[in-house]
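Below you'll find the structure, written out as structure tokens, and then a few comments.
Being a predicted model, the structure only gives us computed values, none of them experimental. Proteins get letters first, then strands, A, B, ... in listed order; numbering begins at 1 in each.
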2 protein chains.
Amino acid sequence: MNLKELSSLLGLSQTTVSRALNGYPEVSEATRKKVTAMARAHGYAPNARARGLATGRTMSIGHVIPLSTRHEIVNPVFSDFVAGASEIYSANGYDMLLTVVPDQGEAEAYRKITARQTVDGVIVHGPKAQDGRIALLREIGMPFVVHGRMSADDTGYAWVDMNNVTAFSCAADCLIDLGHRRIGLLNGLETLDFALRRREGVQRALAAAGIEAQARYFLSDEMTEGFGYRATCALLDLDEPPTALIVSSLIIGIGVRRAAEERGLKLGRELSLIVHDDDLSYLRNGSETGAPVFTATQSSVRDAGRMCAQNLLDIIAAPDTAARFQTELEAKLVMGSSTGPCPV
Amino acid sequence: MNLKELSSLLGLSQTTVSRALNGYPEVSEATRKKVTAMARAHGYAPNARARGLATGRTMSIGHVIPLSTRHEIVNPVFSDFVAGASEIYSANGYDMLLTVVPDQGEAEAYRKITARQTVDGVIVHGPKAQDGRIALLREIGMPFVVHGRMSADDTGYAWVDMNNVTAFSCAADCLIDLGHRRIGLLNGLETLDFALRRREGVQRALAAAGIEAQARYFLSDEMTEGFGYRATCALLDLDEPPTALIVSSLIIGIGVRRAAEERGLKLGRELSLIVHDDDLSYLRNGSETGAPVFTATQSSVRDAGRMCAQNLLDIIAAPDTAARFQTELEAKLVMGSSTGPCPV
DNA sequence: TTGAAAGCGGTACCAG
DNA sequence: CTGGTACCGCTTTCAA
């Protein structure tokens with residue numbers, strides 16, 4: 001069923017039918033009623049491609065995910081982010097176009113997506129400290145919002161990020177106040193901006209306290225359970241092992257727990273822990289924390305997804321406002337956890 | 001840059017340029033060279049909507065995800081599946097369109113997606129024992145592949161599933177052979193087909209061994225760490241707790257470990273475990289298993305993603321062959337784990 | 001081997 | 001308030 005058929009069925013012109021369905025004011029209430037009734041009866045929905053061709057808009061948003069051994073998509077954060085973003089998209093009639101590309105082909109993917117006019121805007125995932133994608137998207141004039149930011153230059157474009165530096169610096173401060181001097185960090189891949197900021201936060205706190213940062217206590221890799229396990233083992237094997245760890249994600253923290261358990265170490269007593277918690281659905285259930293969170297910095301990835309999506313839609317509506325959309329979500333240091341009071 | 005501009009730049013007709021770029025044979029090698037060179041120089045890529053409108057194909061595949069409190073997307077399995085499917089899509093020039101819809105609006109979402117001609121085919125996620133979507137998609141003639149299957153009727157449509165019944169029945173057999181009589185199951189939501197099949201597998205094995213199945217040992221919920229923890233606590237609190245558990249996912253298993261640990265129970269000695277392992281990237285790293293897998297049934301969700309995608313593309317090319325694409329991926333019982341020999 | 005022109009299914013301008 | 005018509009950018013007959 002297409003517009004032509006529908007309108008001839010009604011004995012009206014395509015113009016009128018189109019107007020009736022799109023809520024234009026100049027159509028009489030009577031005909032609008034007839035038209036919508038008939039449309040529903042025949043399950044008419046306008047052909048998305050044709051409409052897009054005519055209006056110049058696709059009503060879909062692109063998410064380009066680099067596919068590599070160290071890829072974003074294995075990160076379960078991605079699922080929750082998508083869940084949040086989708087809420088906004090579907091409420092506004094947008095779809096989400098996922099393009100998974102080999103790492104080196106990323107720039108070309110953005111160019112192509114733009115040239116083909118397949119999306120109205122783009123979310124940039126996993127920005128690096130200086131990320132070529134931002135300049136590229138700016139250059140080709142594709143509206144975009146970055147989840148995270150590019151520390152080298154965080155002005156003039158839209159981003160939604162958490163306060164990584166402050167949050168992780170607070171975490172370190174907390175441990176320092178408790179008397180810890182040998183503090184480790186199990187971080188995400190430090191090619192990524194967020195991980196660098198987290199590291200910087202920890203280092204600042206140490207420096208401010210006059211503690212020499214020990215590079216061997218700072219480990220960084222993909223945020224998997226396996227990394228948490230191996231890293232903890234390695235650190236505990238040092239002649240002077242750290243007495244406290246700051247951990248970049250719950251899933252890493254689960255690996256830490258496994259390692260500690262194998263050695264009979266009591267977490268929170270023999271090894272103190274502050275874990276960053278992205279509030280991921282598959283770990284949580286209700287308000288319960290299913291991980292060794294004794295003290296946590298908390299933020300919600302799903303909120304970030306919602307916010308990125310909403311800002312992007314606003315930017316698409318008014319492209320010149322992009323530079324104004326810079327949101328820092330606050331992750332706070334939360335003492336204790338649902339599994340008991342803070343034993344750090 | 002569009003076709004008209006490009007062709008006038010070359011002093012050729014749109015027809016010729018189009019043919020040159022799309023590899024039609026009737027164009028001379030000389031002009032083809034010139035055309036492709038010029039196209040690359042100006043970063044020309046055909047407008048996807050216009051092309052789709054002309055050809056009737058969108059070159060994109062739909063994934064409709066129900067968004068509810070118990071939604072698929074929180075399941076990290078989804079990420080890995082998408083990673084696998086995307087490999088196939090990008091290798092074939094397809095994009096992936098994610099539509100997240102409220103639960104009750106799902107049928108309408110499929111109808112709309114079809115009416116708007118926004119995708120060439122669809123992957124069905126999380127089928128139930130009898131799932132209305134399958135009849136619906138058949139009726140409206142949209143090519144589709146089901147990840148999983150509908151036990152009520154698994155003929156006449158394409159699916160990729162694992163051998164849930166057999167795998168879980170083997171798992172139970174194994175435990176029975178070791179002398180266990182009180183065997184529990186921590187299962188996914190039993191509104192979903194795969195979970196029902198897993199339960200059926202366990203029950204068959206118990207029945208065959210003349211063991212009365214105890215409903216109170218069979219727990220089912222979303223597959224989160226929290227569920228694993230709570231369920232294990234509840235089971236261990238029974239007056240006659242189970243001596244062995246079969247666990248439907250690694251993430252549940254992690255919760256089991258937490259519960260066991262809190263009570264000082266040695267897994268593999270005081271509580272035996274067989275865990276199904278979907279080989280998810282964020283838990284694994286290389287070949288290491290980051291969970292309490294003492295004996296596992298293994299399958300790869302990523303493989304399933306690849307296979308679904310490939311089959312769907314084949315079906316789109318030859319729609320009448322759909323009924324032939326029924327693939328059962330084998331999950332085997334693997335004794336032991338990388339963390340040591342099987343201690344069950 | 002090349003080109004003109006008719007769609008594909010809508011939207012939006014301009015007349016009436 | 002309604003209708004005719006010219007696009008949107010590409011593919012694809014049909015003629016040359």
**Request:** Could you tell me which residues satisfy salt bridge (Lys or Arg N to Asp or Glu O under 4.0 Å) with A:E5, sequence neighbours excluded, listed by chain and number?
**Result:** none
**Complete:** salt bridge (Lys or Arg N to Asp or Glu O under 4.0 Å) pairs touching residues 21-36 of chain B, sequence neighbours excluded, are B:R19-B:E26, B:E29-B:R32
**Message:** Between the opening five pairs and the closing five pairs of the helix from C:dT1-D:dA16 to C:dG16-D:dC1, how far apart are the helix axes, to 10°?
**Reply:** 40°
**Message:** According to side-chain hydrogen bond (donor to acceptor under 3.5 Å, both in side chains), who are the partners of A:N47, at least two apart in sequence or on a separate chain?
**Reply:** none
**Item:** Sequence-aligned protein contact record of nucleotides 9-16 of chain D, with B where the base is within under 4.0 Å of a protein heavy atom and S where only the sugar-phosphate is
**Value:** BBBBB---
**Item:** Which residues share a side-chain hydrogen bond (donor to acceptor under 3.5 Å, both in side chains) with B:T15, sequence neighbours left out
**Value:** none
**Asked** How would you list, by chain and number, every residue that makes a side chain to side chain contact (heavy atoms under 4.5 Å, CB included) with A:A54, sequence neighbours excluded?
**Response** none
**Request:** Tell me, please, which residues at least two apart from B:Y110 pass side-chain hydrogen bond (donor to acceptor under 3.5 Å, both in side chains).
**Result:** none
**Fill in**
The complete set of salt bridge (Lys or Arg N to Asp or Glu O under 4.0 Å) pairs with one or both residues in residues 143-153 of chain B, sequence neighbours excluded, reads B:R149-B:D154, B:R149-B:D161, B:R149-B:E328
**Asked** Which sits closer to the 5' end of DNA chain C, B:A115 or B:T16, going by the nucleotide each is nearest to?
**Response** B:T16
**Message:** Could you check whether A:N22 and A:R51, counting side-chain N and O atoms only, form a donor-acceptor pair closer than 3.5 Å?
**Reply:** yes
**Message:** Output the rounded distance in Å from CZ (A:R57) to C1' (C:dG10).
**Reply:** 15 Å
**Asked** How many Å lie between NZ on A:K33 and P on D:dC1, as a whole number?
**Response** 14 Å
